[in-house]
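For reference, the structure is listed below as C-alpha cells.
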Amino acid sequence: MPTFLSPVMLTWGISALAVAGVITRPFRLPEAVWAVAGAAVIAALGLMPLSAVWTGIARGTDVYLFLIGMMLLSELARKEGLFDWLAAIATRHAKGSPKRLFFLIYAVGVLVTVFLSNDATAVVLTPAVYAATRAAKVANPLPYLLICAFIANAASFVLPISNPANLVIFGGGEMPPLGEWLRTFTLPSIVAILVTYAALAFTQRRTLAGETVAADVPTPSLSPAARVAGIGLALTAIGLVIVSALDLDLGLPTFVAGIATTLLIVVVNREPPVEVVKGISWSVLPLVAGLFVIVEALSGTGLVGMLGDVLARNAATSPAWTAGVAGVGVGFAANLVNNLPAGLFAGSAVQAAGAPSLVAAAILIGVDLGPNLSVTGSLATILWLTALRREGIEVGTWAFLKLGVVVMIPALLLSIATLIGASLL
C-alpha cells in the first residue's frame, strides 16, 4: 500500500477534511454533518474498531448532559420572556450611552461565563443581548453580540466550571483544589478579560460612536413561569460552584436542573413543553460526538504518545519555555479541531508526559483562550453562531478571523506571559 494510503495517513486526511467541513460549512450544511460524516467514514473504512468509536462517543457523556440542561434552561428563559425583562433593565441602566451598554453587557458576560460556563454565555446570554439591543432600538446589534462570543472564552478559566474543556485537561489526572486553581489562574484571567475588552472596544469604537440607544424602555411584566426559569438558572449557577468545589462532574447536575425547571414550568403553564423542545439546537450533540470520535481515531494513530514524548523531553530541561510554546501552540491548534476535543487530546498528552503543573496550566489557557481566533474554535462560539442564525444574523468565517487576530493574539500572549512570570517570582 502506498505510504499516503496507510491507515495513519488516511485517518489524518479524513480527520482534516472533516474539520475543514466543520469550519467552512460547504453547501451551507450544518457543522454536525461534517463531523459525523468524518467519524462515520473512519469507522466504515475500518480505521478504528467499533469499540473505539463507542469509547469516543462515551467520552462526551458529561458534555452532552451539560449542554442539554443548559439549552433547556436557556430556551425556557427565552420563551417565557425572562430575557426581555433583563434586557429592559440593562438598557435603562445604560442611560442612552452605547459605550455604557457595551460595558454592562461585557460585565454580565464575565459573570455568566465564570459561574455558568462559556457555553451558557453563548446559549443564555446571546438571546438576552439581542433582546436588549432590540429594546434599545440599536441599529447594529453586532458589536454587542460579539461580546458574547469573545468573553465566553476570555473568562473561561477563572473557575474550573467556567469551561467544560477545563475538566478534560485534567480528565485522567488530579484536578487542582479550588484554592490552588485561583492562585494559578486569577492573574492570567484578569489579564485575558481586560485585554479582550480593550481590543474588542477598540475594534468596535466607530460603530459604537455612531449608535443611539433608547433611554426610556418600558419594563415588561415578569410572568410566574419566567420567575421559575430565573430561579432555575440562579440555582444551577450555585449548584455548579458547589459541584466544582467537590470535584464532581457537571453534566448530570445541570441536566437534572434543566429537566426539573422544565417540569415546574409545565405545571405552572399547564401545557406540554413542545415549543421549548423544538427551539433547542439539538445538532450540537452529534457535532460534539463526531469530534470526540475523530480525536479518538487520531489518538489511535500514536499521535498522543509522540506529543507526550516531545512535551516530557522539553519540560525536563526548560519548563517555562515549554509552557510558553505549548500554550501558544495549543491556542492556535484548538482552532483546527475545536477546543473541546483539543483539550481532551492535549490533556492526554500532558498526562502521558507527566508534565509540570506550569505546562498544564499554560496548555489550559491555550485551550480556553486560543479559540477566540475563529468561529469554530470552541463549542461556545459554534453555539453563539447558532443563536445568531436563529435571529437571521450571519457572521462570516473571514470577518470573524480578522477580528480574532486583533483580539485573541495579544490576550493569549499576555495571559501566558503573566502565568509564567508569576511562577518565577
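- Contact of the Leu146 side chain with the Gln204 side chain is registered, since non-hydrogen atoms from C-beta on lie closer than 4.5 Å.
- A pairwise comparison of heavy atoms in Ser162 and Val114 identifies OG-O, 3.0 Å as the closest pair.
- Taken from CG in Leu369 to CG in Leu364, the straight-line distance is 10.5 Å, to the nearest 0.5 Å.
- One distance of note links CE of Met71 with OG1 of Thr386; it measures 9.5 Å at 0.5 Å rounding.
- Note that Arg100 lies outside the cation-pi zone of Phe103, set by a 6.0 Å cut-off to the ring centre and a 45° limit from the axis.
- Of the inter-residue distances, the one linking Arg59 atom CZ with Glu296 atom CD reads 4.5 Å to the nearest 0.5 angstrom.
- Contact record, Thr126 with Leu145: O-CD2, 3.7 Å, taken as the closest heavy-atom pair.
- In this structure, the side chain of Tyr64 does not engage the main chain of Val288 through any donor-acceptor pair within 3.5 Å.
- In this structure a side-chain-to-backbone donor-acceptor pair under 3.5 Å is missing from Ser415 to Leu412.
- Not one N or O on the side chain of Trp282 forms a donor-acceptor pair closer than 3.5 Å with the backbone of Ile68.
- The shortest heavy-atom contact between Ala360 and Val350 is CB-CG1, 3.9 Å.
- Thr376 is not listed as a side-chain neighbour of Thr381, based on a closest heavy-atom distance of 4.5 Å or more.
- In this structure, Leu67 and Leu379 have side chains that are in contact, with non-hydrogen atoms separated by less than 4.5 Å.
- Considering only residues two or more places apart in sequence or on other chains, Thr301 meets the side chain to side chain donor-acceptor pair (under 3.5 Å) condition with Trp12.
- In this structure, Thr113 contributes its side chain and Thr121 its backbone to no donor-acceptor pair below 3.5 Å.
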Chi angles and distances behind the side chain to side chain contact (heavy atoms under 4.5 Å, CB included) call for Leu82, Leu233:
CA-CA 11 Å; Leu82 177 64; Leu233 280 169; 4.1 Å; yes

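- At a threshold of 4.5 Å between non-hydrogen side-chain atoms, the residues Phe115 and Leu240 do not count as touching.
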Any chance you could lay out the side chain to side chain contact (heavy atoms under 4.5 Å, CB included) test for Phe185 and Asp368, step after step, and finish with the verdict?
CA-CA 12 Å; Phe185 292 109; Asp368 284 7; over 6 Å; no

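- The CG atom of Leu403 lies 10.0 Å from the CG atom of Leu373; values are rounded to the nearest 0.5 Å.
- Using modelled atom types, one side-chain atom of Tyr106 and one backbone atom of Tyr197 make a donor-acceptor pair closer than 3.5 Å.
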Kindly determine whether Thr203 and Leu200 satisfy side chain to side chain contact (heavy atoms under 4.5 Å, CB included), including the steps that lead there.
CA-CA 5 Å; Thr203 61; Leu200 193 56; 4.1 Å; yes

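- Across all non-hydrogen atoms, the minimal contact from Val268 to Val228 is CG2-CG2, 4.3 Å.
- Using a 4.5 Å cut-off on side-chain heavy atoms (C-beta onward), Thr184 and Phe157 make no contact.
- Distance check, rounded to the nearest 0.5 Å: OG1 of Thr254 to CG of Leu72 gives 11.0 Å.
- Proximity of a side-chain donor or acceptor of Ser318 to a complementary backbone N or O of Asn314 within less than 3.5 Å is not detected.
- In this structure, Leu29 CG and Trp34 CH2 are separated by 5.5 Å, a value rounded to the nearest 0.5 Å.
- Of the possible donor and acceptor atoms, one in the side chain of Asn335 sits under 3.5 Å from a partner among the backbone N and O of Ser374.
- No side-chain heavy atom of Leu285 sits under 4.5 Å from any side-chain heavy atom of Val63.
- Of all heavy-atom pairs between Leu311 and Ala326, the closest is CD1-CB, 4.2 Å.
- In summary, Glu275 and Lys278 engage in a salt bridge, as defined by a charged side-chain N under 4.0 Å from a carboxylate O.
- Checked against ring-ring contact (aromatic ring centres under 6.0 Å, His included), Trp384 has the following partners two or more places apart in sequence or in another chain: Phe400.
- Annotation: side chain of Val108 is not in contact with side chain of Leu104 (no heavy-atom distance under 4.5 Å).
- No side-chain heavy atom of Ile42 sits under 4.5 Å from any side-chain heavy atom of Val293.
- A side-chain contact (heavy atoms from CB on, under 4.5 Å) with Leu385 is found for one member of Ile393, Thr397, Val375 and no other, namely Val375.
- Under a 3.5 Å cut-off, the side chain of Asn372 and the backbone N or O of Gly377 do not form any donor-acceptor pair.
- Counting heavy-atom neighbours within 6.0 Å of Trp54 CH2, excluding the residue itself, gives a total of 12 or less.
- Formation of a donor-acceptor pair under 3.5 Å by the Thr261 side chain with backbone atoms of Gly258 is not found in this model.
- Of all the heavy atoms in Val359 and Ala323, the pair that sits closest is CA-CB, 3.9 Å.
- A donor-acceptor distance shorter than 3.5 angstrom exists from the side chain of Glu211 to the backbone of Asn140, with no hydrogens or angles considered.
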